[in-house]
Structures are given as structure tokens and as C-alpha cells.
Amino acid sequence: MSTPEFAGLDNFEKLVTDGATIRAVVNTFVFALASVVTHIGLGMLLALGVHRTMTRGTKYFVRTAYFFPFLVSWAAVALIWKYVLDPTFGLVNYYLSATTNWLASPTWALPSLIVVDWWHTIGYTFIILLAGLQTVPAQLHEAARVDGANAWWRFWSVTLPVMSPTIFFATVITFIGAFQIFDPMVIMTQGGPDGATRSIVQYTYEKGFQSFEVGYAAALSLVLFVVIMIVTGLQFRLSRRWVHQ
Amino acid sequence: MKGKLLDLVLVLGGIVMIAPLVWLIVNALSEPIDAFQLPPRWIPHPPTLQNFQQVPGLIPFARMAWNSVQIAVITTAGALFTSALAAYAFNRLRFPGRDQIFSVLLAALVVPVQLTVVPIFIMMRWLHLVDTTVAIWLPALVNVFGIFFLRQYISSIPRELDEAAIMDGAGHFWILFRVILPLARPGLTALGIFVFEASWNNFFWPYIFLSTPEKMTLPVGLVSLQGAVGGGPAVVLFAAITLVVLPILVLFLIFQRSFISSIATTGLRA
């Protein structure tokens, strides 16, 4: 690294004309949206399923099984899944009777990482949603039942409003976490094939620590900052419409 | 009847969730020629520890484990200490600009560490700390989430308690360490588990700052082992991953209750 020279807006000009940057921003947005939908949606279904009356043993097993992967570091997860997704001796292709080379396919690489991310992180979202579900007072459900509300209506008018602060927290955390995604890209795909999985943070790393364009990396960091600020601000603004305080 | 069917779906889903971990351990315990067979084997046949014995020859595993422990302990102790001090100040003290400073801190909550890596890397180079474990724990000593989380926790402790202590002539440090923190113990435990887990599993920061194998932490060590194994038997890599993953899973099974409740608390409080 040389002494910094004031570059004015050069780095930002390069940003908007660099196709790889735009690709990385789009990839990151796709990843973040898919994360929120799969984490909150499937996490909620899972939490509702476990919250119902279940035998203690079943509950213990299900809760532990879904939580286990969260304890495994991303580095280990990424290495294990490289083999699970391996085209010739991986588990996925064997059980799906497929021959797809998931991580080398421009179409499937990003969805594969979304699945791996879900596997790794759902335990966290699930536990938070389950805890939120347990704060819903049973009396409220009872009252709604007396008024003749069916299960779906009770979920919609009792469970969801009481849980809305928890769902809001989980959504914000999932979004912020997804915008920072780096580890699986670096370990599993190196951003490839052909930039299909390159995320903003990973591109920042490539620019700053592999090709030593520090100024450009700093400009990229700023883009990530602005993106996170806008999305988080928007979520807080929208939250006034649906989150009960 | 409907309930039983749903239970079955959830249990089957749970089996699918842990299958990759079982597969990992079975392969780690297999002879290289028996590993990665199709259809996959779910019981090692016969189990062998030879893959585990090869790990220390390829990477300084014990040294990496020690680095991970050291960094996680220093980070956790430091973050708990600074978070407690700051949380107390933001909740119980009055000073000019307090709320403004706290708002800035809240904004910093959404700023990921990834953003600060370029400037901090330049600072660490200047301090000659690149490729040392100090570069990993030093920036982690102050934890914005920890300050926010403990402040929320402390605000639920009645002020009458510290007012009574002030009447008896107690100073702020006495109040914090003798009155507030003992009552905030569940919050401290939750935060401690959270910070420790995050530090133990951290990949991004050590990957950028550490390059000498003897200075690496376990997650970076695993990725470097992948290169060392190269075209060789992947079972050695699987053995090393097992060595990293298994202790955590066993610890979790023992402390399941406090672990789950700590995660739940950080979610509900924040």
C-alpha cells in the first residue's frame, strides 16, 4: 500500500461503471431477500410446530436437531457442504438421483448457498421465534376461542400481533446478517462461477486484500453501509404499520 | 391424528438436519478407501482413529485450538467488562450529550465489522500487529451490541436499590459491581455465551489478519488444512472438522438449557 492520494470521486465513478460491483450488489440483495423469506417463513412454521403439544422426547429431539447446525462455525459448515454438494460422491445428488454440479452451475450456485445458509442459521431464528411464541398469553387464545375464532383467525388476530416485535427483530437481524455474508462464498465458490455468488463483502475483500485497491475497497464498504442504512431505516419506518408496541 | 402426522414430519426434518453432521463423523472414522461410499454409510465400518492421528502432522492443531481459546476468553471478558461500564453510564448517569451519544451508538449497531476492516487493517499495520492474535481481540474489546443489550437489562433493575446504596455512601463502582451486576447475572451469562460463541466461530477477521499457521485460529486452520490435504484423502479434513465440531455439540448437550435461554433472551431484549 502506498501513501493515500486524494482521489476525489474517482472510486465512486468506477463503482457505478464496474459491472462486477452491480452484480455483487444484486447477488447480495437476492441472497438477503431469500434469507429473510426462508428464515422467517420456515422458522415460524417450525416454531409453531414445536410449540404445539408434543411429547417431551419429540420436542427435545426436534429442537436439538434444528439447533445443532447453528453451533457449527461457518468455516466447518462450508467445508462439510462442499462435500455434501459434490457432484459425484455427495449426499444431495445421491438422494435426489441428480448429476448437477451445484456449486459450479451459474444457475444453482447462489440458491445452493441460500440453502446452506438456511441450514446453518435457522436454529437461531427458530429459537428466537419460539421464545416470542411463548410470550403469547394463553388467556388471549382462550378468549378468542370463546368468541368462536378458528385456529387460523386466532393465529392472525392474537399470535401474530403479540409476536410482532420478535418477528421484527428477527427480520432486521436476518437482513443485516445476510448483507454481510462472506464466509461461504470465500470457502465454497470464491464468488464464482463467473461472479454468480460474489457478495459485496467478498468483493470488498478481493479488491482490498487481493488486488490491494484499498480506496476502491473503502468505496465498496461505503456502498454496503448505505445499503444497510436504507434497508434498516425502511424497515423501522414500515414497522410502525405492523409492529405492536 | 393430524398432530401425530405433523410430529412425524418434524422428526423426519430433524433427521435430515443432522444427517450432514452424522455423515461428517462417520467419514472421519472411516478408512480412506471406505469413506464417501455410495450409497452412503451411516455406521463406520470398522471405526478407525487413523485420520485423527494425521491432523497434527499437517497443521499445528493444538496451537490453533489454544489461540481460539485465548482469543475467545479475552474477547468475552473484555466485552462483558466494557459493556457493563458503558451500559451503567448510559442508564444511570446523567451527563451532557448522553442521549445523543447513545443514538450514535445505536446507529453503529447496524454497521457490520466488515465495513471497518480496511481502516483497522491499516491501523494494525501501523502498530505492527498484523498476523498477531492481538489484532483479533483488540478491536473486539468493545461490543456495541453488548452495551445496548446490557443497558436494556439494567434499565429493568429498580433505581430504588442504587438510591439506597447512595444513601449509605456508596460510589458508582460499588453500586455497579455489588448491586447491579449481581442482579444482572442472567443478562451477563446470556451475553457471555453469545460473545464467546461468535468469537469461537469467527472466520472473517482471523482470515484477513492471520497468515502464519502457528497464529491461526481453528476456523482459519480448517480452511488452510483443505489446501494442505490437496488431492489427498479428504477424510483427514473431516477428522479435523470433527475435532472442532464435536466438543461444541457435546458442551451444548450438557448446557442446553442455559444456551437456548441465552439465545432467546438476546432476541427478546434487543
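Proteins come first, then strands; the chains are lettered A, B, ... in the order of their sequence lines, and each starts at number 1. Since this is a predicted model, take the numbers as computed values, not measurements.
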Exercise. Against chain B, label V84(A) side chain, backbone, both or neither, depending on which of its atoms sit under 4.5 Å from a heavy atom there.
Key: both
Quiz item: Which region of K59(A), side chain (C-beta onward) or backbone (N, CA, C, O), has a non-hydrogen atom less than 4.5 Å from a non-hydrogen atom of chain B, or is it both or neither?
Solution: neither
Quiz item: When heavy-atom pairs shorter than 4.5 Å are enumerated against chain B, which of D183(A), V62(A), V50(A), L222(A) gives the highest number?
Solution: D183(A)
Practice problem: Evaluate the ring planes of F182(A) and F204(B), with Trp represented by its six-membered ring, and classify them as parallel (under 30°), tilted (30 to 60°) or perpendicular (over 60°). | Solution: perpendicular
Quiz item: What option among I18(B), V9(B), L10(B) has the most heavy-atom pairs under 4.5 Å with chain A?
Solution: L10(B)
Quiz item: Where on V172(A) is there a heavy atom nearer than 4.5 Å to chain B: the side chain, the backbone, both, or neither?
Solution: neither
Quiz item: In terms of heavy-atom pairs under 4.5 Å with chain A, which of V11(B), I248(B), V118(B) leads?
Solution: V11(B)
Quiz item: Taking only heavy atoms into account, what residues of residues 223-231 of chain A are found under 4.5 Å from chain B?
Solution: L224(A), F225(A), I228(A), M229(A)
Self-check item: Residue pair F89(A), Y94(A): steps toward the ring pair (Phe, Tyr, Trp, His ring centres under 6.0 Å) verdict
Solution: CA-CA 7 Å; F89(A) 54 82; Y94(A) 176 74; over 10 Å; no
Practice problem: Go through the atoms of I241(B) and report whether side chain, backbone, both or neither lie under 4.5 Å from a heavy atom of chain A. | Solution: side chain
Practice problem: Would you mind checking which part of Q37(B) comes under 4.5 Å of any heavy atom in chain A, side chain (CB onward), backbone (N, CA, C, O), both or neither? | Solution: neither
Exercise. Working to the nearest 0.5 Å, report the span between CD1 of I193(B) and OG1 of T76(B).
Key: 10.5 Å
Quiz item: Using 30° and 60° as the class limits, which term best fits the ring planes of F209(B) and F121(B): parallel, tilted or perpendicular?
Solution: tilted
Quiz item: So which of V16(B), L38(B), L222(B) has the largest heavy-atom pair count under 4.5 angstrom toward chain A?
Solution: L38(B)
Quiz prompt | Winner by heavy-atom pair count (cut-off under 4.5 Å) against chain A, out of N202(B), L253(B), L249(B) | solution = L249(B)
Practice problem: Kindly write out the residues that satisfy salt bridge (charged side-chain N to carboxylate O under 4.0 Å, His left out) with E213(A), not counting sequence neighbours, or none if the list is empty. | Solution: K14(A), K207(A)
Quiz prompt | Per-residue contact mode, V245(B) against chain A (heavy atom under 4.5 angstrom) | solution = side chain
Quiz item: Could you go step by step and tell me if F67(A) and F252(B) meet the ring pair (Phe, Tyr, Trp, His ring centres under 6.0 Å) rule?
Solution: CA-CA 10 Å; F67(A) 193 71; F252(B) 171 72; 5.1 Å; yes
Quiz prompt | Heavy-atom proximity to chain A below 4.5 Å, by part of V220(B) | solution = neither
Quiz item: Does the side chain of D131(B) pick up a donor-acceptor pair with the side chain of T212(B) at under 3.5 Å?
Solution: yes
Quiz prompt | Close aromatic pair by centroid cut-off 6.0 Å: Y83(A) and F238(B) | solution = yes
Exercise. To the nearest 0.5 Å, tell me how far T125(A) OG1 sits from I167(A) CD1.
Key: 12.0 Å
Practice problem: Sort V72(A) into side chain, backbone, both or neither according to what part of it lies under 4.5 angstrom from a heavy atom of chain B. | Solution: both
Practice problem: Sort out for me which of L71(A), I127(A), V77(A) touches chain B most, counting heavy-atom pairs under 4.5 Å. | Solution: L71(A)
Self-check item: Mutual orientation of the aromatic rings belonging to F236(A) and F168(A) [parallel < 30°, tilted 30-60°, perpendicular > 60°]
Solution: perpendicular
Quiz item: Which value, rounded to the nearest 0.5 Å, describes the distance between I128(A) atom CD1 and I260(B) atom CD1?
Solution: 11.0 Å
Exercise. Using non-hydrogen atoms and a 4.5 Å limit, figure out which bit of L251(B) sits close to chain A: side chain, backbone, both or neither.
Key: neither
Self-check item: P39(B) versus chain A, the contacting section by heavy-atom distance below 4.5 Å
Solution: both
Quiz item: Pick from I187(A), T58(A), I122(A): which one has the most heavy-atom pairs with chain B under 4.5 Å?
Solution: I187(A)
Quiz prompt | Which portion of Y95(A) sits near chain B, non-hydrogen atoms under 4.5 angstrom | solution = side chain
Quiz item: Counting N and O atoms only, with roles assigned by atom type, does the side chain of T204(A) sit under 3.5 Å from a partner on the main chain of L220(A), one being a donor and the other an acceptor?
Solution: no
Practice problem: Please look at L24(B) and chain A and tell me whether the side chain, the backbone, both or neither of the residue comes under 4.5 angstrom of a heavy atom of that chain. | Solution: side chain
Practice problem: Show the numbers, then the answer: is there a ring pair (Phe, Tyr, Trp, His ring centres under 6.0 Å) between F203(B) and Y207(B)? | Solution: CA-CA 6 Å; F203(B) 173 75; Y207(B) 183 70; 4.8 Å; yes
Exercise. Could you tell me the separation between the CG atom of L46(A) and the OH atom of Y66(A), rounded to the nearest 0.5 Å?
Key: 5.5 Å
Quiz prompt | Side-chain H-bond candidate by donor/acceptor type, T174(A) with S35(A), under 3.5 Å | solution = no
